Protein chains: 2
Amino acid sequence: MTAPLRVALLGCGTVGGAVLRLLDEQSDELAARIGRPVEVAGVAVRRPDRHPDVPPHLLTTDAHALVTREDVDLVVEVIGGIEPARTLLLAAFAAGKSVVSANKALLAEDGTVLHAAAAKADVDLYYEAAVTGAIPILRPLRESLAGDQLRRVVGIVNGTTNYILSRMAETGAGFAEALAEATELGYAEADPTADVDGFDAAAKAAILASLAFHSEVTAADVYREGISAVTAADVARAAEIGCTVKLLAICERVAAPDGAGESVAVRVHPAMIPTTHPLAAVGGAFNAVFVEAEAAGELMFYGQGAGGGPTASAVLGDLVAVARNRVAGVAGPGVTPYAGLPARPIAETPTRYHVSLDVADRPGVLATVAHEFARQGVSIATVRQDGHGDAATLVIVTHSAPDAALSATVAALRGMDVVRGVTSVLRVEGL
Amino acid sequence: MTAPLRVALLGCGTVGGAVLRLLDEQSDELAARIGRPVEVAGVAVRRPDRHPDVPPHLLTTDAHALVTREDVDLVVEVIGGIEPARTLLLAAFAAGKSVVSANKALLAEDGTVLHAAAAKADVDLYYEAAVTGAIPILRPLRESLAGDQLRRVVGIVNGTTNYILSRMAETGAGFAEALAEATELGYAEADPTADVDGFDAAAKAAILASLAFHSEVTAADVYREGISAVTAADVARAAEIGCTVKLLAICERVAAPDGAGESVAVRVHPAMIPTTHPLAAVGGAFNAVFVEAEAAGELMFYGQGAGGGPTASAVLGDLVAVARNRVAGVAGPGVTPYAGLPARPIAETPTRYHVSLDVADRPGVLATVAHEFARQGVSIATVRQDGHGDAATLVIVTHSAPDAALSATVAALRGMDVVRGVTSVLRVEGL
């Protein structure tokens, strides 16, 4: 064994603490797997007095000095957020250090710039922990599937919303009630906006799409719709057609509308999926990513998407890779947006809708409704009409059509005389 | 772009043909991902006249000359079997070529020797395609989870047997009937022994265990029981207790009975698992591997375990890794059995049993039966007794006990006066 590899840890919250613990507990194993022991060179935090478990001589408030120190080989960043993380990572690359990050917001905003900086410095940038915690998905996309063509990546990538939707399905509760329960049990944060409104999932979707399609996709390119508008009625309607409601992050390669090449459509929204789909069985706070590739066919990766232990496991897996590369004196395969596929707006992305209507039960109503779909160029896949008294419910599932045509149809239906109410509108996937 | 990387392909059956097709179709993508184009230097086959689709100048019957040729950079081996594959791989390593293999039998028998030879030559040996086709599991075990401690790896790793067991559950058919259907539909081979008797799964289990536990585990170390003895009654009994029957490959780290360190227990056998377990939903010919790690918690990897396309996708993923390493002038992380955990025999491995008995319905029978379990040191978890006339059925699920104690108990029950018949015996997992 030669001299130890020295790691700078930026941030020491739940994940950072778990990383320190694992580095200590697994030190012999890590040394065997890497070929050199790993040692913590320093831990940058804002308030050293809040970290009584960390040896005081390791603590520093000067993160910038730490990442550029000559005795530091590798940097682990678990502070999150855009700044100061971005500046620190760029400083680390400039100083020739490889970086392991768990920072989804930063990678979703600036992945291309960061990868270019890492490549220029001939060092590594890995961030498995940024998406679905311990589930190995970024490395398989970057490496295992590097010989294949990906078609779609569909993920349940946010545990909070999956917990809420699972509880709504199990108990018949509405969104507010299920959210309150999730908050009480610690599955939702006091301010649940990032989760519930799909921001967290959108950042992860951008990262997944960038890697899957070798293109630059940022969080701003992702169409985003959260789950706060999902009702108990939506969940009940889903069950009636053999579906369940999930918040999905969908990344797909689609042919351009004019036939001129391909583009990448990335969106986060609640959707009905058949209960027979492998993603439907992903319950509670679990995460999963479903992948469709040309040659490999359908794959799914499932596990715990959050928590100190699972996230730290992903960080350490990356750390071993980066450390091995450092020992070998090389950088691993980089990531470039060489395919350069443009992002496609949601309006032009083909989707399918489920629509439940309360209508007047009199002759010609179905014809009027059906005519509106046809007028917008939307083809209907299935219709179910149930009469009760002078009213009827109409449940329609469409074929695939540009999302703008579908939303325009729903808007038109809402304004129709014969339609007393639109009781549920949700996109449908995987039917 | 510099000079192309040149690949020698050994074998050109279903998988080899799919590899050639993908190398051709994806050549631009592969070049972008690797940094150099990839070119086929030659294809070694036994009967060149049987490969009209391959350009004749590439075909050769002299595999040994091909793998040692100076203009060959990388070797892809898809011939299968122990020899001549082993000799060819060793020759390739000695000549400084990295190897991608899909050969489970060879890796399960001689993985340690082959890895040592690759390490000595400072070249790569990857074989993702050898286990569960396109599902990335070996690379995640080798790399993504390299910072974690694995506890168990439980896989459905054979599509033929999973198809048969799924059909038995769906239709109530017996084994022979379901096998006949699988054969007719092409899910089972004319001679189904390797699949049905668990040899295929045992080889994969040995590979999984070796990588998961950094120890030498060969197919000979794997306890193996196939599915030909699984009856319609077993499947029905499983359903009654909320379970389904799967052929599982189970690799686990277990404490030695004397408390002196750990060992690795690896076994392949049919087992009842709860229908709520993620593996229970893996139907038809699909494969999945369920992983339990200290920090990461529970993970599952799911997908198509066989077929030309999926297997070729795995081969190409490895090929990209190996090619990138070649371009960088390095070898990837090697595999060594540094942990050196011994294999534990099935007799000493803790398992749980489900036992269904037909017994005489008279006083003292339950006491007699229960006494036999106690005498063997086996603790009973649940009992259900249903009387009908002068007979009764007794369904017992045990707690965990050494497998030898459980099988001895069943043997003793079979000899008991009050036991009219043992209608179903199966191990239980994941309850």
Side-chain angles (χ1 to χ4, degrees), chain A residues 18 22-23 25-26 29-30 32-34 128 133-136 138-140 143-149 214 278 281-282 286 288 290-291 293-304 307-310 312-321 324-325 328-333 336 338-339, chain B residues 18 22-23 25-26 29-30 32-34 128 133-136 138-140 143-149 214 278 281-282 286 288 290-291 293-304 307-310 312-321 324-325 328-333 336 338-339:
Chain A
L22 285 179
L23 280 175
E25 284 175 12
Q26 311 269 359
E29 289 273 333
L30 291 170
R33 291 172 197 178
I34 293 165
E128 186 65 76
I135 309 172
L138 304 190
R139 203 88 70 86
E143 301 177 14
S144 304
L145 291 162
D148 208 332
Q149 277 276 10
H214 308 277
V282 178
F286 274 83
F290 189 78
V291 174
E294 289 298 336
E298 298 178 347
L299 300 169
M300 192 171 82
F301 304 76
Y302 165 96
Q304 287 177 330
S313 170
V315 168
L316 257 72
D318 281 350
L319 188 66
V320 169
R324 281 168 164 168
N325 286 341
V330 298
T336 65
Y338 72 82
Chain B
L22 285 178
L23 280 175
E25 285 175 10
Q26 312 268 358
E29 289 272 334
L30 291 170
R33 291 172 198 178
I34 293 166
E128 187 67 75
I135 309 173
L138 303 191
R139 203 88 71 85
E143 301 177 16
S144 304
L145 290 162
D148 208 331
Q149 276 276 9
H214 308 279
V282 177
F286 274 83
F290 189 79
V291 174
E294 288 298 335
E298 297 179 348
L299 301 169
M300 192 172 81
F301 303 78
Y302 165 95
Q304 286 175 329
S313 170
V315 167
L316 257 73
D318 281 350
L319 189 66
V320 169
R324 281 167 164 170
N325 286 340
V330 298
T336 65
Y338 71 81

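Just so it is clear, the structure is predicted and the values come from calculations on it, not from any experiment. Chain A is the first sequence line, chain B the second, and so forth, proteins listed ahead of strands; every chain is numbered from 1.
Rounded to the nearest 0.5 angstrom, A:Ser144 OG and B:Leu138 CG are separated by 9.0 Å.
Counting heavy atoms from C-beta outward, B:Gln149 and A:Glu25 have side chains that stay 4.5 Å or more apart.
Scanning for side chain to side chain donor-acceptor pair (under 3.5 Å) contacts around B:Arg33 gives A:His214, A:Tyr338, B:Glu29, with sequence neighbours left out. For B:Ala296, the side chain to side chain contact (heavy atoms under 4.5 Å, CB included) partners are A:Ala134, A:Ser313, B:Leu145, B:Asp148, B:Ala293, B:Leu299, not counting sequence neighbours.
Taking A:Phe286, A:Phe301, A:Phe290 one by one and counting their heavy-atom pairs under 4.5 Å with chain B, the maximum is reached by A:Phe301. Here B:Gly309 is the residue among B:Gly309, B:Gly303, B:Ala321 with the most heavy-atom pairs under 4.5 Å with chain A. For the set B:Glu298, B:Gln26, B:Glu294, the entry with the most heavy-atom pairs within less than 4.5 Å of chain A is B:Gln26. For the set A:Asn325, A:Val291, A:Leu316, the count of heavy-atom pairs under 4.5 angstrom toward chain B peaks at A:Leu316.
Taking every heavy atom of both residues into account, A:Val320 and B:Ala146 meet most closely at CG1-CB, 3.6 Å.
For A:Leu30, the part lying under 4.5 angstrom from a heavy atom of chain B is the side chain only.
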